[in-house]
There are 2 protein chains.
Amino acid sequence: MGRWKPDSRGRLEEAALTLYSQRGFDQTTAAQIASMAGLTERTFFRHFADKREVLFGGSPILRDRIVAAVASAPESAGPLDAVGKGLDAAAALLGEGRRDLARKRFTVIASNPGLHERELAKLAEYAAAIAGVLRLRGVGEPEASMAADAGMTVMRVALQAWADDDERGPELGAVMENALRKLRALR
Amino acid sequence: MGRWKPDSRGRLEEAALTLYSQRGFDQTTAAQIASMAGLTERTFFRHFADKREVLFGGSPILRDRIVAAVASAPESAGPLDAVGKGLDAAAALLGEGRRDLARKRFTVIASNPGLHERELAKLAEYAAAIAGVLRLRGVGEPEASMAADAGMTVMRVALQAWADDDERGPELGAVMENALRKLRALR
DNA sequence: AGCCTGATGGCAGTTACTGACATCAGGAGG
DNA sequence: CCTCCTGATGTCAGTAACTGCCATCAGGCT
């Protein structure tokens, strides 16, 4: 066994979600989270830039998966088609986890404006990355940014509907495809 | 003359933009801003919930104008047409101000992730308000949210292009109309 | 055996914010 | 003219989010 208990980062994430759910975000201090994870406040801030970031630890992975999927779409695919591939990948990754956990996380995020802000920033980061890939595929501006942004809107809307929905509701991928179809039909 | 110099709020906004530009957001304390405006730190936080908010004082006005314009679009107009009306109103209001001031503000916001985050939150707030109006017009979900979000994307992209552009470049309204046309053409 | 590395702890300092209470010019009513 | 009240401001103390700096020390490398 190593010098320390393994996966400090994961323990911090778990403790944070628990405490944010129980006592609320504002009523939870970084020191409390660290303590529950068997660490100190200082170590918390080595793993996460701030109190909010601890809820978004998986963000780079999701971004990379989406970007890879968009990049691997067939040449012939239009911008929205390519973005659709990215949404498939996102649905596959996010759909793996338990829906009740996603719901718990959403509840916490929705209950605090600062956390909501951070989520928007993450979506914007994804969108910027997607737009970059689209440009590499020959899509110009502002089309690339708009297609990417539209895709993240679809993801957000679908994710919300999916989490709100019953445990036996439609799969995340289906929800996203449906939303994307409606976006295209907009006049 | 009143007991205090008038327009504390405006003085705080002006001082903040000046200091954020000169020394940077992180290197500016709320006390410094207040002091430059002839006030105290405590009064700063009575006028603005936090250090970022001072750059977004005009936000409710813009939101209300956009919402009013969307609401007053003809019954026959589709969601994106109605959103287009809102963009016209936004362009009219934002185009009034001096382009160099807008550029200064954008520069500050772009230089700090936290400020960027707040701007995204404001756009999301506008979008939520627009979606509400669209639903009143009989647009369902998720169409209302997606149309509203798309409109805010267009506004953001156009505003950026307009601010980046030369002083004698196209008017803001024209830039937005152009961007909206391109969004509709997306496939 | 000696050295290096990387994750952690300890500690002091700054500053963003908050709550409670004090102040006091000017307006409203007498 | 006097009095009371209101609302914007000031003062002060307190919490907690971060940050920089230095210390520690098991395990791996040479």
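The chains referred to below are lettered A, B, ... by the order of the sequence lines, with proteins before strands, and numbering in each begins at 1. Quick caveat: nothing in here was measured; it's all calculated off a predicted structure.
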Shortest non-hydrogen contact from B:A127 toward B:A148
O-CB, 3.3 Å
Sequence neighbours left out, what passes side chain to side chain donor-acceptor pair (under 3.5 Å) with [X]? Give chain and number order.
{"X": "B:K51", "value": "none"}
{"X": "B:S72", "value": "none"}
{"X": "B:R168", "value": "none"}
{"X": "B:E14", "value": "none"}

Atom [atom1] of [X] to atom [atom2] of [N]: distance rounded to whole Å?
{"X": "A:D26", "N": "D:dA17", "atom1": "CG", "atom2": "C1'", "value": "12 Å"}
{"X": "B:Q27", "N": "D:dT19", "atom1": "CD", "atom2": "P", "value": "12 Å"}
{"X": "A:R3", "N": "C:dT8", "atom1": "CZ", "atom2": "P", "value": "10 Å"}
{"X": "B:W4", "N": "C:dA25", "atom1": "CH2", "atom2": "P", "value": "9 Å"}

Pairs meeting criterion salt bridge (charged side-chain N to carboxylate O under 4.0 Å, His left out) with involvement of [range], two or more places apart:
{"range": "residues 70-92 of chain B", "value": "B:D81-B:R184"}
{"range": "residues 15-34 of chain B", "value": "none"}
{"range": "residues 27-36 of chain B", "value": "none"}

What residues in residues 28-41 of chain A put a non-hydrogen atom under 4.0 Å from any atom of DNA chain C?
A:G38, A:L39, A:T40
At a heavy-atom distance below 4.0 Å, what parts of residues 42-59 of chain A sit against DNA chain D?
A:R42, A:F45, A:R46, A:A49, A:D50, A:K51
Looking at residues 12-22 of chain A, who's got a heavy atom less than 4.0 Å off DNA chain D?
none
Please list every donor-acceptor pair under 3.5 Å in which a side-chain atom of residues 54-70 of chain A meets a protein atom from a residue at least two apart or in another chain.
from  : atom 1 : to     : atom 2 : distance (Å)
A:S59 : OG     : A:Y126 : OH     : 3.1
A:R63 : NH1    : A:E125 : OE2    : 2.6

Under 3.5 Å, side-chain donor or acceptor atoms of residues 40-47 of chain A against the rest of the protein: list the pairs with distances, not counting sequence neighbours.
from  : atom 1 : to    : atom 2 : distance (Å)
A:T40 : OG1    : A:T43 : OG1    : 3.4

